[in-house]
**Student:** 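Got a structure for you, written out below as structure tokens; questions coming shortly.
As the structure lists them, so they are numbered: ligands from 1, and atoms in each ligand from 1. We count residues from 1, following the sequence as given.
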Amino acid sequence: MRILTGFAAATLLLAGHVTAWGRLGHETVALLSQQYLLPETTRTLQTLLSTTSPTFLGDIALWADEFRREPEGAFSTGLHFVNGRDGPPPESCELDYPGDCPPEGCIVGAIANYTQRMMRRDLDAVERARAVKFVVHFLGDIAQPLHTEAYGAGGNNITITFNGYATNLHAAWDTSIPHTLLSLPSNATITSTHSLTLANHLAPLLTVGQYKPTIKRWLRHHTKHAIRTTRGMEKAAAAWAQDGNWEVCAGVITVHPERLQGRELGGGEYEREARRVVERGLVKGAVRLAGWLNLVVVGRTGF
Ligand SMILES: *[C@@H]1O[C@H](CO)[C@@H](O)[C@H](O)[C@H]1NC(C)=O
Ligand SMILES: *[C@@H]1O[C@H](CO)[C@@H](O)[C@H](O)[C@H]1NC(C)=O
Ligand SMILES: *[C@@H]1O[C@H](CO)[C@@H](O)[C@H](O)[C@H]1NC(C)=O
Ligand SMILES: [Zn+2]
């Protein structure tokens, strides 16, 4: 019985391992991004996805996490992150591409691959729709700082509590901290209504508020030149990964990671700073996703 219990616990931990942003994070990035698509981008994507749903990007934002759990999708598990083998944090947060990317691939190469595949007319509809779903998901994941960090499997081995909820650092950044943006507990069950609420709350901060001045900087690598070659796309995606990795040192693992072990991270200064980083990450992910899709489909970012 004890063995069974231990086994069940280990299985749960493993399941949580690569979960990426939880439902709230992924859907919010996609739904916010959708508001900034150019009309032609929307038409093209809806055709590729065979849908006219008004929330079509939110609807497919989680697909890649379901797919990797199926035998057919197992190959894609390692494509949701890149293991930045740095200092480790907080000493240094420097990403090396392609050095940090194993031969089986990582999120940087995957963004380039699936961006190309979604536009390839020689591929069948199923493959192109899959490519769109991967791009939407991976531009969300790359905005989660711990998806660019090798230490302790992206913080999965750092056991913490968050407002009393037993979890690990990676899962807290995927789920617990995003939930605080809606004042929801870590164990809340998220529906697409929550995600839509959060996306609609963030939109004005982007359009007229505090994030407006930084949009140009976030889109620095969104150039016509970048999307012309695989190498160019990889360079852009590597820059986004580096950006996320710097956030690890700046706001995620700001003390020696051994000192985070066993700590309660909710309710104080850590949570306050983490909320700022998560909110900025969601908005940044949405801007980069919309700008990227517009650039690839129409030839300009739309911002
Ligand atoms: C691109 O994606 C396809 C479909 O998933 C895969 O078969 C192929 O190996 C990938 N290519 C690269 C270079 O990652
Ligand atoms: C977590 O992983 C790091 C290496 O990535 C290792 O140095 C550390 O000892 C691990 N901690 C635990 C508690 O397993
Ligand atoms: C969430 O956790 C709280 C206490 O930590 C508990 O009272 C509540 O029933 C839990 N809710 C769900 C949906 O599991
Ligand atoms: Zn993911």
Side-chain angles (χ1 to χ4, degrees), residues 10 12-14 17 22-24 63-64 67-68 70-93 97-98 100-120 122-135 137-138 146 148-172 175-176 179-180 182-191 194 229-234 237-238 245 248 252-253 255-264 266-267:
L12 270 177
L13 265 175
L14 270 176
H17 245 226
R23 179 167 187 180
L24 183 63
W63 171 84
F67 182 62
R68 69 178 160 73
E70 293 167 15
E72 192 198 352
F75 78 93
S76 62
T77 302
L79 304 180
H80 292 244
F81 55 85
V82 54
N83 277 325
R85 285 170 215 292
D86 38 30
E91 272 171 46
S92 84
C93 283
Y97 184 82
D100 288 335
C101 197
E104 315 82 77
C106 69
I107 193 166
V108 174
I111 286 174
N113 188 24
Y114 291 108
T115 301
Q116 284 166 332
R117 290 176 72 86
M118 68 178 251
M119 297 310 283
R120 266 178 56 182
D122 61 312
L123 292 179
D124 66 29
V126 173
E127 282 301 316
R128 291 183 71 186
R130 262 187 193 176
V132 174
K133 294 177 198 174
F134 273 131
V135 169
H137 186 88
F138 291 155
L146 286 171
T148 64
E149 178 54 54
Y151 183 87
N156 272 289
N157 84 349
I158 302 174
T159 302
I160 59 143
T161 58
F162 195 85
N163 294 317
Y165 182 73
T167 183
N168 67 65
L169 191 69
H170 189 101
T175 306
S176 299
H179 285 193
T180 66
L182 289 177
S183 305
L184 293 169
S186 296
N187 65 353
T189 303
I190 300 298
T191 68
H194 290 116
T229 60
T230 308
R231 180 90 187 85
M233 291 195 198
E234 288 176 354
N245 199 237
V248 173
V252 182
I253 302 180
V255 296
H256 192 284
E258 287 300 323
R259 286 181 45 207
L260 292 175
Q261 283 292 354
R263 272 201 22 211
E264 165 59 61

**Student:** Check His194 against Leu182 and note the closest heavy-atom contact, atom names and distance.
**Tutor:**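 So the minimum-distance heavy-atom pair works out to O-CD1, 3.5 Å.
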**Student:** Every pair of nitrogen or oxygen atoms between ligand 2 and the protein that is under 3.5 angstrom apart - can you list them with their distances to 0.1 Å?
**Tutor:**
residue	atom	partner	partner atom	Å
ligand 2	2 (O)	Asn157	ND2	2.4
ligand 2	5 (O)	Gly152	N	2.7
ligand 2	11 (N)	Asn157	ND2	2.9
ligand 2	14 (O)	Asn157	ND2	3.1

**Student:** Number the atoms of ligand 1 from 1 as they appear, then name those within less than 4.0 Å of a heavy atom of Phe75, with their elements.
**Tutor:**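 That gives atoms 5 (O) of ligand 1.
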**Student:** Using every non-hydrogen atom in the two residues, find where Gln261 and Ile158 come nearest and quote the distance to one decimal.
**Tutor:**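 Result for this residue pair: NE2-CA, 3.5 Å.
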**Student:** Which atoms of ligand 1 sit under 4.0 Å from any heavy atom of Asn113?
**Tutor:**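 Numbered from 1, ligand 1 contributes 1 (C), 2 (O), 3 (C), 8 (C), 10 (C), 11 (N), 12 (C), 14 (O).
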**Student:** Do Asn187 and ligand 3 have an N or O pair less than 3.5 Å apart?
**Tutor:**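 N/O-N/O distance under 3.5 Å: yes.
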**Student:** Examine ligand 1 and decide if any of its atoms is less than 4.0 Å from a heavy atom belonging to Phe134.
**Tutor:**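 The answer is no: ligand 1 sits nowhere under 4.0 Å from a heavy atom of Phe134.
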**Student:** Quick check: does Glu127 get an N/O under 3.5 Å from an N/O on ligand 1?
**Tutor:**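 No.
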**Student:** Should Asn83 and Asp100 be marked as a side chain to side chain contact (heavy atoms under 4.5 Å, CB included) after you check the CA-CA gap, both sets of side-chain angles, and the distance that decides it?
**Tutor:** CA-CA 6 Å; Asn83 277 325; Asp100 288 335; 5.6 Å; no
**Student:** Using the side-chain hydrogen bond (donor to acceptor under 3.5 Å, both in side chains) criterion, which residues pair with Thr167? Sequence neighbours excluded.
**Tutor:**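 Scan of Thr167 (side-chain hydrogen bond (donor to acceptor under 3.5 Å, both in side chains), adjacent residues dropped) gives none.
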**Student:** For the residue pair Val255 and Leu260, what are the closest heavy atoms and their distance?
**Tutor:**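 Shortest heavy-atom separation between Val255 and Leu260 comes out as CG2-CD2, 3.8 Å.
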**Student:** Could you tell me whether ligand 1 has any atom less than 4.0 Å away from a heavy atom of Arg117?
**Tutor:**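 Right, Arg117 reaches ligand 1.
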**Student:** Glu127: which residues meet the side-chain contact (heavy atoms from CB on, under 4.5 Å) condition with it, sequence neighbours left out?
**Tutor:**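 Scan of Glu127 (side-chain contact (heavy atoms from CB on, under 4.5 Å), adjacent residues dropped) gives Arg117, Leu123, Asp124, Arg130.
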**Student:** Parallel, tilted or perpendicular: which describes the rings of Phe134 and Trp63, with under 30° parallel and over 60° perpendicular?
**Tutor:**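 Ring orientation of Phe134 relative to Trp63: perpendicular.
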**Student:** Please list, chain by chain and in numerical order, all residues satisfying side-chain contact (heavy atoms from CB on, under 4.5 Å) with Ser186, sequence neighbours excluded.
**Tutor:**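 Testing Ser186 for side-chain contact (heavy atoms from CB on, under 4.5 Å), a comparison that skips the adjacent residues, returns Phe162, Tyr165, Ser176.
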**Student:** Measure the shortest side-chain to side-chain distance between Phe81 and Glu149 over non-hydrogen atoms and say whether it is less than 4.5 angstrom.
**Tutor:**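 Not in contact.
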